[in-house]
Amino acid sequence: VRGALHAGEVIVGEIGGHRHAIVLHGDTLNTTARIEQLAKELNRSLLVSGDALAHFTELTSYRVQDLGPQSLRGRSASLQVLAVAQQ
């Protein structure tokens, strides 16, 4: 099981006539998917962007390893990525 966490704005909508579904769109979701791909490539369980980690004040039960700026497919700028694991 792998996971990725990123923070940013998303567009939320509802589609469907008789059967409604919630949909999410935006660059934040695309970036999260790219971070998840990176987690698979690096054989890590959970990767978090620096943007997302900034929202957490305390992670005492977890070990955080800074992996530095990472190039993600489809993005021109590198993104700060960190690996998170239980201690």
Side-chain angles (χ1 to χ4, degrees):
V1 175
R2 301 198 197 297
L5 183 63
H6 183 52
E9 294 184 13
V10 296
I11 299 168
V12 179
E14 184 176 354
I15 62 169
H18 296 291
R19 190 170 178 180
H20 296 277
I22 302 296
V23 294
L24 304 170
H25 296 282
D27 185 58
T28 300
L29 295 170
N30 294 334
T31 301
T32 305
R34 301 297 185 249
I35 296 170
E36 185 179 16
Q37 287 175 339
L38 183 63
K40 182 177 181 180
E41 293 169 14
L42 298 177
N43 196 29
R44 301 293 182 127
S45 297
L46 177 61
L47 293 184
V48 178
S49 72
D51 295 334
L53 195 63
H55 293 280
F56 295 92
T57 57
E58 190 174 315
L59 292 172
T60 57
S61 299
Y62 298 92
R63 185 178 65 248
V64 178
Q65 180 185 5
D66 189 347
L67 302 178
Q70 298 289 318
S71 297
L72 303 174
R73 185 172 60 89
R75 297 191 56 88
S76 58
S78 296
L79 183 70
Q80 187 71 24
V81 176
L82 303 99
V84 177
Q86 275 191 311
Q87 289 192 20

**Request:** Might you point out which heavy atoms bring Gln86 and Tyr62 nearest each other, and give the distance in Å?
**Result:** CG-CE2, 3.6 Å
**Prompt:** Can you pull the side chain to side chain donor-acceptor pair (under 3.5 Å) pairs that have at least one residue in residues 1-11, sequence neighbours excluded?
**Reply:**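 Listed by first then second residue: Arg2-Asn43, His6-Ser49.
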**Complete:** The single option from Leu82, Leu79, Ile35, Val81 that satisfies side-chain contact (heavy atoms from CB on, under 4.5 Å) with Gln70 is Val81
**Asked** Applying the 4.5 Å side-chain criterion to the ILVMFWY set and letting contacts propagate, would Leu29 and Leu72 be lumped into a single cluster?
**Response**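 Result: no, two separate clusters.
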**Item:** Cluster check Leu67, Leu46: I/L/V/M/F/W/Y, side chain < 4.5 angstrom
**Value:** no
If you look only at distance, which donor and acceptor atoms sit under 3.5 Å apart when one is on a side chain in residues 11-19 and the other is two or more places apart or in another chain?
residue : atom : partner : partner atom : Å
Glu14   : OE2  : His20   : ND1          : 3.0

**Message:** Enumerate the salt bridge (Lys or Arg N to Asp or Glu O under 4.0 Å) contacts for residues 37-57, please, sequence neighbours excluded, ordered by first and then second residue.
**Reply:**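 Residue pairs passing salt bridge (Lys or Arg N to Asp or Glu O under 4.0 Å), neighbours aside: none found.
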**Request:** Keeping to residues at least two apart or across chains, list the salt bridge (Lys or Arg N to Asp or Glu O under 4.0 Å) pairs with something in residues 62-73.
**Result:** none
**Request:** State which residues pass side chain to side chain contact (heavy atoms under 4.5 Å, CB included) with Ser71; sequence neighbours excluded, sorted by chain then number.
**Result:**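 Applying side chain to side chain contact (heavy atoms under 4.5 Å, CB included) to Ser71 gives Ser78.
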**Message:** Holding to side chain to side chain contact (heavy atoms under 4.5 Å, CB included), I want the full list of residues that pass it with Leu5, two or more places apart in sequence or in another chain.
**Reply:**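 In terms of side chain to side chain contact (heavy atoms under 4.5 Å, CB included), with neighbours along the sequence ignored, Leu5 is linked to Val48, Ala52, Phe56.
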**Message:** With a 4.5 Å cut-off on side-chain heavy atoms, are Arg75 and Asp27 touching?
**Reply:** yes
